[in-house]
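Note that the coordinates shown come from a computational prediction; the quantities given were computed from them, not determined experimentally.
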Amino acid sequence: MEQPSRSPAHPAVTVVEISDPTAAGAGIELLDLDAVQLQPMPLRARRVIVRLGRSAIVFHSANRRVRTRTSARDGLLAYVTFGPHAMGSVDGLPVGAGSMVAVAPDATAHFVVDAGWESVTLLLQPGEIRDHLAARQRESELHVPRGVEMLAVDREGARRLFAWGRRLTDVAARQPELFDERERERSAAHVELVELLLQTLGGARDVEPTRHERTRQAQSAIVKAAEDYAMSQAGEQIYVSDLCRVAAVSERTLEYAFKEVMGMSPVAYLIRVRLHRVRQALLAATQGTTTVSAEALDWGFWHFGEFSRAYRECFGELPSDTLRRQPGALRK
């Protein structure tokens, strides 16, 4: 059975303090993650990964409102639980303490999370769950999600699962040698993870969304369609009319969807995303290979004074300062 990797390049415990949203997905082999900060700097986010051999646990926290697109790699199944003060949505559905989300292998979850966010994600192969349920004659409880699904589980059980994951990642962050150097501890934690997860999943079923929640799901789909189109048109001038056409909705519906999901207008959000893409390009560049104006133009910014002001407001520095960094100098 394929397992989450633990190699010299990836120790059992990794702790990353994140201050730059464009680097949020760097250095993590288990997840594909793209982040856009929806509130002004400074960002203080944290990720703790504990690799247990046949499973992995990922803790995330953030002090600012953020949009993320996240998917697990290598055929891993993800179960996500949330902290006591977490507030946000996944694909338009509200999530928080006591909620649990299942994400199918290679499916992408679209989170919009508020300041104070905390989550614990459990990653393991679907076969691991299948084998344990079969041994316990609980095969009827096996449910591999189709895409991203909210699960109706005991809310106290979901809270306990989060609290366990938070305690484990806290210990691992303080004493990484407990897991880096001791296979017995990793194996014991994996067994405990499986037992707690199966206990929480007992009797779980899909959540039937309410009428309001179905509306939020539809709004999230509208935002995703518009964002996907805009990102595929780098450097092109895009009208709100184009976004309406792609999403097959009226301007009023488009505006309302963005304000409900992202908390800002379509134009303001897409400017924020394009600023992030410029920053990624500048961080990846070396001196002499590009210019600020070239990267700005590639992403549709032609008024360089306004671009520089917006960039500084978003990231706390001028784009020329970003370009002067050596590649890889700002990865957190």
Answer whether the closest heavy-atom distance between the side chains of [X] and [Y] falls below 4.5 Å.
X: Leu38; Y: Met264; result: yes
X: Phe315; Y: Leu43; result: no
X: Phe111; Y: Arg67; result: no
X: Gln175; Y: Glu185; result: no
X: Leu323; Y: Pro319; result: no
X: Val16; Y: Arg46; result: no
X: Glu227; Y: Tyr269; result: yes
X: Leu283; Y: Thr322; result: yes

Can you tell me how far apart [atom1] ([X]) and [atom2] ([Y]) are? Round to the nearest 0.5 Å.
X: His132; Y: Leu201; atom1: NE2; atom2: CG; answer: 12.5 Å
X: Ser308; Y: Glu317; atom1: OG; atom2: CD; answer: 11.5 Å
X: Gln37; Y: Arg64; atom1: CD; atom2: CZ; answer: 7.0 Å
X: Glu156; Y: Thr200; atom1: CD; atom2: OG1; answer: 11.0 Å
X: Gln233; Y: Trp299; atom1: CD; atom2: CH2; answer: 10.0 Å
X: Asp298; Y: Ser293; atom1: CG; atom2: OG; answer: 9.5 Å

Reference residue Tyr79; test side chain to side chain contact (heavy atoms under 4.5 Å, CB included); the match among Leu151, Leu123, Val120: Leu151

Of Leu33, Thr68, Thr70, Ile49, the residue whose pairing with His60 passes side chain to side chain contact (heavy atoms under 4.5 Å, CB included): Leu33

Spell out, as yes or no, whether a donor-acceptor pair under 3.5 Å connects the side chain of [X] to the backbone of [Y].
X: Asp114; Y: Arg65; result: no
X: Gln137; Y: Ala134; result: no
X: Arg166; Y: Phe59; result: no
X: Glu192; Y: Ala189; result: no
X: Arg216; Y: Arg211; result: no

Kindly give the heavy-atom pair with the smallest separation between [X] and [Y], and that separation in Å.
X: Val13; Y: Ala173; answer: CG1-N, 4.4 Å
X: Gly83; Y: Ala97; answer: O-CB, 3.4 Å
X: Ser220; Y: Val261; answer: N-CG2, 3.9 Å
X: Arg47; Y: Ala26; answer: NH2-O, 3.3 Å
X: Gly157; Y: Asp154; answer: N-OD2, 2.7 Å
X: Glu118; Y: Ser61; answer: CG-CB, 4.0 Å

Name each donor-acceptor pair under 3.5 Å that joins a side chain in residues 88-96 to protein atoms two or more places apart or in another chain, with its distance.
residue	atom	partner	partner atom	Å
Asp91	OD1	His110	N	3.1
Asp91	OD1	His110	ND1	3.2

Salt bridge (Lys or Arg N to Asp or Glu O under 4.0 Å) evaluation trace for Arg279 with Asp20: CA-CA 10 Å; Arg279 184 171 180 82; Asp20 189 329; 2.6 Å; yes

Taking Arg69 first and then Asp228, would you say they form a salt bridge - that is, a charged N and a carboxylate O separated by under 4.0 Å? yes

Between Glu195 and Arg136, does any NZ, NE, NH1 or NH2 come within less than 4.0 Å of an OD or OE carboxylate oxygen? yes

I'd like to know whether Ser265 forms a side-chain contact (heavy atoms from CB on, under 4.5 Å) with Phe258, so could you lay out the CA-CA distance, the side-chain angles of the two residues, the decisive distance to 0.1 Å, and finally the verdict. CA-CA 6 Å; Ser265 71; Phe258 266 88; 5.9 Å; no

List the steps, then state whether salt bridge (Lys or Arg N to Asp or Glu O under 4.0 Å) holds for Glu17 with Arg44. CA-CA 7 Å; Glu17 306 295 342; Arg44 292 190 301 275; over 6 Å; no

Out of curiosity, does [Y] fall in the hydrophobic cluster containing [X] (side-chain heavy atoms, cut-off under 4.5 Å, transitive links)?
X: Tyr239; Y: Leu243; value: no
X: Val66; Y: Met87; value: no
X: Leu318; Y: Leu275; value: no
X: Ile129; Y: Val191; value: no

Return yes when atom CD of Glu183 has more than 12 non-hydrogen atoms of other residues, nucleotides or ligands closer than 6.0 Å, and no otherwise. no

Full working for salt bridge (Lys or Arg N to Asp or Glu O under 4.0 Å) between Arg167 and Asp170: CA-CA 5 Å; Arg167 285 196 304 272; Asp170 282 349; over 6 Å; no

Do Leu197 and Leu161 pass the side-chain contact (heavy atoms from CB on, under 4.5 Å) test, and can you show the C-alpha distance, the side-chain angles, and the key distance before you say yes or no? CA-CA 7 Å; Leu197 178 60; Leu161 190 58; 4.1 Å; yes

Where does the angle between the aromatic ring planes of Phe307 and Phe301 fall among parallel (under 30°), tilted (30 to 60°) and perpendicular (over 60°)? tilted

Between His276 and Thr22, does a side chain to side chain donor-acceptor pair (under 3.5 Å) hold up when you go through it step by step? CA-CA 6 Å; His276 281 65; Thr22 66; over 6 Å; no

Walk me through whether Arg186 and Glu181 qualify under salt bridge (Lys or Arg N to Asp or Glu O under 4.0 Å). CA-CA 9 Å; Arg186 294 195 300 273; Glu181 301 170 5; over 6 Å; no

Step-by-step side-chain contact (heavy atoms from CB on, under 4.5 Å) determination, Tyr256 to Leu254: CA-CA 5 Å; Tyr256 191 71; Leu254 182 77; over 6 Å; no

Just checking, any donor-acceptor pair under 3.5 angstrom between side chains of Thr81 and Arg159? no

May I have all residue pairs that pass salt bridge (charged side-chain N to carboxylate O under 4.0 Å, His left out) and include part of residues 256-278, sequence neighbours excluded? Asp34-Arg277

Test log, rule side-chain contact (heavy atoms from CB on, under 4.5 Å), inputs Met150 and Ser99: CA-CA 8 Å; Met150 292 282 295; Ser99 303; 4.2 Å; yes

